[in-house]
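Working notes, beginning with the structure itself.
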Amino acid sequence: MADLLHIDHVSKSFEQRKGDAHLVLDSIDLTLGEGEFVSLLGASGCGKSTLLRIVAGLEVPSDGVVWLDGHEIVAPGRDRGMVFQQYTLYPWLTAKRNVEFALVDTPKKERPEIAAEYLEVVGLSDFADHFPSQLSGGMQQRVAIARALALRPRVMLMDEPFGALDAQTRGLMQELLLSIWERDRLSVLFVTHDVEESLILSDRVCVLGARPGRVREIVNVDLPRPRVYELRDSAEFITLKHHVHSLIHDEAVKATGLGNVLARGGYS
Ligand SMILES: Nc1ncnc2c1ncn2[C@@H]1O[C@H](COP(=O)(O)OP(=O)(O)OP(=O)(O)O)[C@@H](O)[C@H]1O
Ligand SMILES: [Mg+2]
């Protein structure tokens, strides 16, 4: 599989008030192949969003380079579609207009047709003229996904897009995303802190450790596709889940400094 994206030893520090630098990401090296689905998994604060923002061109790395199709990323571009955790639709525009609004580089007369096509992909044709306030959270995220897909990006960057949804809706959104991914052979870099979600969706899961964010392990998810719900009960899934949970747990203990407390007997 050819590498579409290469996060090439990327580090990021933020200046602190006192003038010293706070290292958030330490030499992250990760590739994403054409048509591949890779998740970034890690505890809160380990730098997942920062890394995604660097790939989006919204943040500049302190060291290292991100390559997309062999070109260095220096700014945002429509070759990358972003979906965020927070709902980011314009409240004064209908679903359809929200999608059209993103298509600034597309001739005006072609925009309605493209918007309609992608609203259909996410199953919202009947809600094209609704305003965000008239849509549920899950529906708003479907519009946001349609908006990102409508740009026909080289890569989809998704930052905990289902984080604010209830468990049922979240499961359905995962199914929807997988069906679109299989249909369009999307390349996806997906941020989550949900172990099951990362395993159900991904070809590989990049587990990040915290303080500073480092690649702890890249786990191959060799589970059959299409991924059906029952897969969660299979022995392979449970083995992978335990493995990833133990990696995350060790990192969380380190990050919270709770090691001594837990070693004393936890709840007692
Ligand atoms: N613009 C900024 N200026 C200073 N520090 C920042 C900035 N953006 C992020 N940070 C710091 O970088 C660290 C990583 O933040 P980031 O939001 O990337 O984590 P995350 O893994 O996405 O966490 P979460 O799971 O809670 O979303 C945090 O300590 C945060 O305070
Ligand atoms: Mg985040």
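Atoms within each ligand, like the ligands themselves, are counted from 1 in listed order.
- If you check which protein heavy atom lies closest to atom 18 (O) of ligand 1, you get T50 OG1, 2.5 Å.
- Taking every non-hydrogen atom of S49 and a distance limit under 4.0 Å, the qualifying atoms of ligand 1 come out as 17 (O), 18 (O), 20 (P), 22 (O), 27 (O).
- Among the atoms of C46, some N or O lies under 3.5 angstrom from an N or O of ligand 1.
- Contacts between V24 and ligand 1 below 4.0 angstrom, taking non-hydrogen atoms only, involve the side chain exclusively.
- Not a single heavy atom of R53 sits closer than 4.0 Å to an atom of ligand 1.
- How far CG of N98 is from CZ of F131: 9.5 Å, rounded to the nearest 0.5 Å.
- Of all protein heavy atoms, the one closest to atom 26 (O) of ligand 1 is S44 OG, 2.6 Å.
- Residue H22 approaches ligand 1 through these ligand atoms, each under 4.0 Å from one of its heavy atoms: 29 (O).
- Ranked by closest heavy atom to atom 25 (O) of ligand 1, the top entry among Q16, R211, K48 is K48.
- Annotation: G42 places no N or O atom under 3.5 Å from an N or O atom of ligand 1; distance criterion only.
- Atom 29 (O) of ligand 1 is approached by the protein to below 4.0 angstrom, counting heavy atoms only.
- One side chain, R147 or T88, offers a donor N or O that lies under 3.5 Å from an acceptor on the other.
- Heavy-atom separations between Q85 and ligand 1 are all 4.0 Å or longer.
- Look at G45 and you'll find a heavy atom under 4.0 Å from some atom of ligand 1.
- In this structure, atom 10 (N) of ligand 1 lies nearest to the protein heavy atom F14 CE1, 3.5 Å.
- Around CZ of R97, the count of heavy atoms belonging to other residues, nucleotides or ligands within 6.0 Å does not exceed 12.
- For the residue pair R152/Y118, the side-chain donor-acceptor check at 3.5 Å is satisfied.
- For the pair E160 (side chain) and Q85 (backbone), a donor-acceptor distance under 3.5 Å is absent.
- Within the model, atoms CG of L68 and CG of D3 stand 11.5 Å from one another, a figure rounded to the nearest 0.5 Å.
- No more than 12 heavy-atom neighbours from other residues, nucleotides or ligands sit within 6.0 angstrom of CD on E113.
- Cluster membership for F37 and L240, using ILVMFWY side-chain heavy atoms within less than 4.5 angstrom, is shared.
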Run the side chain to side chain contact (heavy atoms under 4.5 Å, CB included) check on T239 and F237 step by step: do they pass? CA-CA 5 Å; T239 305; F237 188 88; over 6 Å; no
Would you please test R154 and E34 for salt bridge (charged side-chain N to carboxylate O under 4.0 Å, His left out) and show each step? CA-CA 9 Å; R154 294 287 286 141; E34 185 100 49; 3.0 Å; yes
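- Not one N/O/S atom of Q85, from backbone or side chain, sits under 2.8 Å from the Mg ion (ligand 2).
- The contact set between ligand 1 and E160, taken as ligand atoms under 4.0 Å from a residue heavy atom, comprises 25 (O), 27 (O).
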